[in-house]
**Q** 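My questions all concern the structure below.
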Amino acid sequence: MIHEPLYLCGTTASGKSACACAIAEKMGGEIINADAFQLYQGLEVLTASPNEHEQSQAPHHLYSQFPLTEKLDAARYEALARPIIAEVQSRGKIPLIVGGSGLYLKFLTHGCAPAPPGDEKIRAELDQLTVDEIYRRLKNLDPEEAARQNSQNRRHLGRALEICLITGSKASDLRKNFAIPENTAHLKGIVLQWPREILANRIAQRTAQMLENGAIEEVKNLPTNSGTVRQAIGVREIEAHLRGELSREECLERITISTRQYAKRQRNWFRREHWLTPIDGSKGLDSILTSLPI
RNA sequence: GGCUCAUUAGCUCAGUUGGUAGAGCAGCGGAUUGAAAAUCCGCGUGUCCUUGGUUCGAAUCCGAGAUGAGCCA
């Protein structure tokens, strides 16, 4: 019997890991990571990766798999996760895909557009330009794409321009050829939701816990050539603290705020994924287990 | 006790020669298919400490009071 994957989403600090373990134990599942930063090895504390106890409760895949110098992206993630999902299915177990990285999840649920991967040389060049310059260049090559992007978003504009430069054709054409599937009937998943105040408290507590448990050491030991992973919430703040620019207390406060803001963005993302079944995270694991959409 | 300075948005502060106020941060709303924990967009009514006065008109000038900080006793 082949089991469809069950997606377990939710904002940061919504209790996904614990919930995943409970589901895996009860229903015979294996957990597959869908968090962009927990893929790396060396920032387990800062990224709130599942602890040893949790990992011993059920098989976990794609956690702490890559060195901090690696540059992963959503497409590579999809390519990594697919065979693992198939493997879990072949064992007759349920693939439990758990994580909060909306884009990564979307690649899994809706597929990957046939676009070229990022090019470091091009990105390094674009980094030298102002947003206005990037926008102008994109507008030149692909006015349609420029029109649908925000003229101030260097990341999104840069990606579109990069596609044009690599392929020699228009990013907007590529977009037309790749329609995001609208049929989501086959998708099964839940999104854990919490009252905002309570989630804010959980975030504050967990952040304090991280600093206690070695997040500062992790950042201290970051290799200088670590790329993507420097974007993780907490890295900048802790580095500022290590330089003496922020007190420990200020550092804690800054990370807590950033995390709260991130949770808000996640909430936005998941709200648009209508196929997800919302579940009240504060109801407790037993209650959650009985309201799964399977 | 005397003198000086401060008091404006949740916080830190701007506010030109009097014409009922605006930035950053926070907060709220939103976008987002190969960097996504990233990146970006939108949202500012608040007893301008209180109270008398001057004035057509006061956050702005004058008096008194309150609170805080500093200096002198």
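All of these numbers come straight from a predicted model, not from anything done at the bench. To find a chain, count down the sequence lines: A is the first, B the second, and so on, and within it residues start at 1.
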**Q** Between protein and nucleotides 23-25 of chain B, what N or O pairs are separated by less than 3.5 Å?
**A**
none

**Q** According to a 3.5 Å limit on both distances, what stems of 3 or more consecutive Watson-Crick or G-U pairs are formed with RNA chain B?
**A** B:1-7 with B:66-72, B:10-13 with B:22-25, B:27-31 with B:39-43, B:49-53 with B:61-65
**Q** Using the P atom as the reference point in each nucleotide, state the distance between rG10(B) and rA6(B) in Å, no decimals.
**A** 22 Å
**Q** Among R159(A), K139(A), R175(A), find the residue that satisfies the salt bridge (charged side-chain N to carboxylate O under 4.0 Å, His left out) test when tested with E145(A).
**A** R175(A)
**Q** R123(A) CZ to rG34(B) C1': how many Å, rounded?
**A** 7 Å
**Q** Answer with yes or no after comparing the ring centroid distance for F66(A) and Y40(A) against a 6.0 Å cut-off, counting only values under it.
**A** no
**Q** Considering only rU33(B), rA35(B), rA31(B), which nucleotide approaches the side chain of H110(A) most closely?
**A** rU33(B)
**Q** Would you indicate which nucleotide in rA36(B), rA37(B), rU33(B) comes nearest to any side-chain atom of F178(A)?
**A** rU33(B)
**Q** Rounded to whole Å, please give me the gap between CG in L103(A) and P in rC40(B).
**A** 17 Å
**Q** From C-beta outward on A36(A), which listed nucleotide comes closest to its side chain: rA37(B), rC41(B), rC28(B)?
**A** rA37(B)
**Q** Among rA35(B), rA37(B), rC41(B), which nucleotide sits nearest the side chain of R159(A)?
**A** rA35(B)
**Q** Please state the C1' separation for the pair rU50(B) and rA58(B) - nearest whole angstrom.
**A** 15 Å
**Q** Scan Q231(A) against the nucleic acid and name what it touches under 4.0 Å (heavy atoms): base, sugar-phosphate only, or nothing.
**A** base
**Q** For nucleotides rG22(B) and rA59(B), find the distance between their C1' atoms and express it as a whole number of Å.
**A** 13 Å
**Q** In whole angstrom, give me the gap between the C1' atoms of rA69(B) and rU16(B).
**A** 27 Å
**Q** Considering only rA31(B), rC40(B), rG34(B), which nucleotide approaches the side chain of C112(A) most closely?
**A** rG34(B)
